[in-house]
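What follows is a single structure, written as C-alpha cells, with notes after it.
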Amino acid sequence: MRNSDVEIAGLTVYLGFGEFADEPRIHRILVDHAIRGIRIQVLLRLFLALFVLLTVCLDPPDHAAVFSVVTAVLYAAWCVAGAVVARSHQSWMVRYSWIALPIDLLLLTILAVVAGMSNEVSWTTDALIAGFALVPMIAAISLQPRLCAMVVASTVVVYAVANILARDSNGEPWSIIVLRILVVAALAVGAVLLSQLQRSRVTTIGSLAAERARLLDATMEIEERERRDLADNLHDGALQYVLAARQELATLRGSADPVTLDRVDGALRDSARLLRSTLSELHPAVLEQAGLAVALTDLASSYGSRAGAPSISVDTAAWPTELRTTADSLLFAAARELLTNVVKHADAETAEVTAEFVDGVARLVVVDDGVGLSNEVEELMRRRQAAGHIGLASRRVRIEGVGGTFSLENRPSGGTAVVVEVPAREV
C-alpha cells in the first residue's frame, strides 16, 4: 500500500467513518467529500474577512480604530493563507481545518467588544455582529456534527454578549436584542441539523459505493468463472474431437483422395488453432505459468491473426518475464477488452501494447491509429452500460475501485490512447 493510500485511510477513520475501515476503495470518495466541504468553508471565510475589513474601514469605531483595522487586516491575511494551504495541503486541512472556526469566533468577539467600549454612538458593533450569522454556515459544512454543535453554541453565547455590550452605544431596546438572538439561535440549530444531514448523505454515498464495488467484484468473479468453465468445456470437448478427427484422417491417407484429405486436414488444423487461441483468450493458463509479459504477447498474436485485424506489437521491456504482481489478471483482462474494441471498432492498421512496473505501480498502455473516440462512441458506451453491457465501462470501474486510474483520449496524430495504472505489489 502506498503512503498516500495509508494517509487517506487514516483520514477516513479520523472523520469518524469507521464503518468503512475495511473498504479501502471507498476511502477516497469520503475524503474527497470532506475536501470539497473545506473548499466551501474557505470561500465563506474569505467573504467573512472581506466583510470585517470593509466594516472597520468604512465605519471605524471611535475607540481603538487602529487596533481594529490592524486586526481585520491580519484576519484577512490569515484567511488568504488558509486558502493557499487548502489547495496545497488538502490532507492537513482535513485534520486541522476545525482550528479556524474558533479563530473566526474569537476575531468577531474581540472586534465587537472593542467597538462596543466606545462611549459615543457607534454602529460598528451592529455591523460586526451581523457577521456572526456566517459562522454557523461555515460550521454547518463540516462532516463532524459534534464540532459544529460546540462552535454554534459558543457563537450564540458570544453573539448575545456582543449585542448586550453594543446596546450601551446604540440604545436598542431589549426586545430587538432578544429577537435577534433567537434568529441566530435558529441558525445555529439549523447548522447542526444541516451538518448531520451532510454526514448522513456522505455515509449513504459511501454505502452505495461499497455495495456497487462488492456487486462489481461478484460480477467479475462470475464472468471469470464462466470464461474458465467455457475454456475447460472447449478443451475437453470440441478441441479433443477435432484432434481425434485429425488422427482418424491419418489412418485414411492410403485409401482416400489425398487432395480431399489435405483439405479436410487443413480445415481441422485451422479449427484446432482457433480453438487454442480462443482458450488462451478465455482463460490464459500462460498468465499463471509464464507471467503477464508472455500472456500479453500471446494475446496480441491471437488477436493479430484474425482476418482484418491490425498489426499488434507488444513492448514489455519494463516488465520482466519473471515478474508476478497482484495486478496481473486485472491488466490482462483490461488488455483483452481494449484489444477487442480495437479489432472490432477502431478500424486501425496498427496497435501497440506496453506494460511497465515502476515504484509499485503497474501500467498498461494501448494505442492505435484508428478512427479515435468521438462523442457518439462515448454516448454509445454510456447506453450500453445503462443496458447492462459488461465491457470497457466495467473494466474502468473495477480499476478505479482498487485505487487505479483509467484514462482514454484521442491522439493528436489519430487514433486512441488508453493508459491504465494500478497500485500493485510483487508476489
Side-chain angles (χ1 to χ4, degrees), residues 220 223 227 273-274 276-284 286-287 290-319 321 323 325 327-358 361-385 387 389-400 402 404-422 424:
M220 294 296 103
E223 180 187 17
R227 286 178 177 273
R273 179 179 57 80
L274 289 174
R276 288 195 176 97
S277 174
T278 301
L279 290 174
S280 177
E281 295 170 15
L282 288 173
H283 180 60
V286 67
L287 179 62
L292 181 65
V294 176
L296 288 178
T297 301
D298 287 354
L299 182 69
S301 176
S302 172
Y303 276 94
S305 62
R306 298 181 181 182
S311 174
I312 304 175
S313 61
V314 179
D315 180 6
T316 57
W319 192 290
T321 305
L323 178 65
T325 76
D328 286 5
S329 60
L330 190 61
L331 291 186
F332 181 85
R336 179 174 58 203
E337 192 67 41
L338 291 170
L339 288 179
T340 298
N341 279 275
V342 169
V343 172
K344 290 184 176 181
H345 308 298
D347 193 22
E349 295 184 1
T350 62
E352 181 178 354
V353 180
T354 304
E356 302 173 341
F357 184 73
V358 181
V361 176
R363 190 168 186 259
L364 174 73
V365 181
V366 178
V367 299
D368 65 76
D369 59 357
V371 296
L373 184 70
S374 65
N375 293 332
E376 290 78 8
V377 175
E378 288 182 330
E379 178 65 16
L380 177 61
M381 288 177 58
R382 186 190 65 78
R383 291 179 180 176
R384 283 183 173 180
Q385 184 181 11
H389 175 73
I390 301 174
L392 198 59
S394 65
R395 296 299 170 191
R396 179 198 297 269
V397 174
R398 183 72 183 273
I399 289 166
E400 293 176 348
V402 297
T405 59
F406 185 107
S407 62
L408 189 153
E409 59 184 15
N410 289 324
R411 301 171 63 195
S413 58
T416 306
V418 182
V419 180
V420 177
E421 292 186 343
V422 180

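Hydrogens, waters and symmetry mates are skipped; everything else that's a heavy atom, side chains included, is used. Along the sequence shown, residues are numbered consecutively beginning with 1.
In terms of modelled atom types and a separation under 3.5 Å, the side chain of R411 and the main chain of D368 share a donor-acceptor contact. In this structure, N410 contributes its side chain and P412 its backbone to no donor-acceptor pair below 3.5 Å. A donor-acceptor distance shorter than 3.5 angstrom exists from the side chain of D369 to the backbone of E349, with no hydrogens or angles considered.
Inspection of the D298 and S301 side chains reveals no N or O donor paired with an N or O acceptor under 3.5 Å.
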Which is it for L292 and L323 under the side-chain contact (heavy atoms from CB on, under 4.5 Å) test, yes or no, and what are the steps along the way? CA-CA 8 Å; L292 181 65; L323 178 65; over 6 Å; no

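In this structure, CZ in R336 is found 7.0 Å from OH in Y303, a value given to the nearest 0.5 Å. Annotation: the span from L339 atom CG to K344 atom NZ amounts to 12.0 Å, rounded to 0.5 Å. With rounding to the nearest 0.5 Å, the separation of OG1 in T325 from CZ in F357 is 6.0 Å. A distance of 9.0 Å separates CD of E421 from CD of E356, quoted to the nearest 0.5 Å.
Heavy-atom minimum distance, A362 versus A424: CB-CB, 4.2 Å.
By the 4.5 Å heavy-atom criterion applied to side chains, V343 and P310 are counted as neighbours. Annotation: side chain of V419 is in contact with side chain of R363 (closest heavy-atom distance under 4.5 Å). Counting only heavy atoms from C-beta outward, the side chains of W319 and L331 approach each other to under 4.5 Å.
Screening T405, L364, V420 against I399 for a side-chain contact (heavy atoms from CB on, under 4.5 Å) leaves a single residue, V420. Put simply, the residue from I312, V367, V418 that forms a side-chain contact (heavy atoms from CB on, under 4.5 Å) with V353 is I312.
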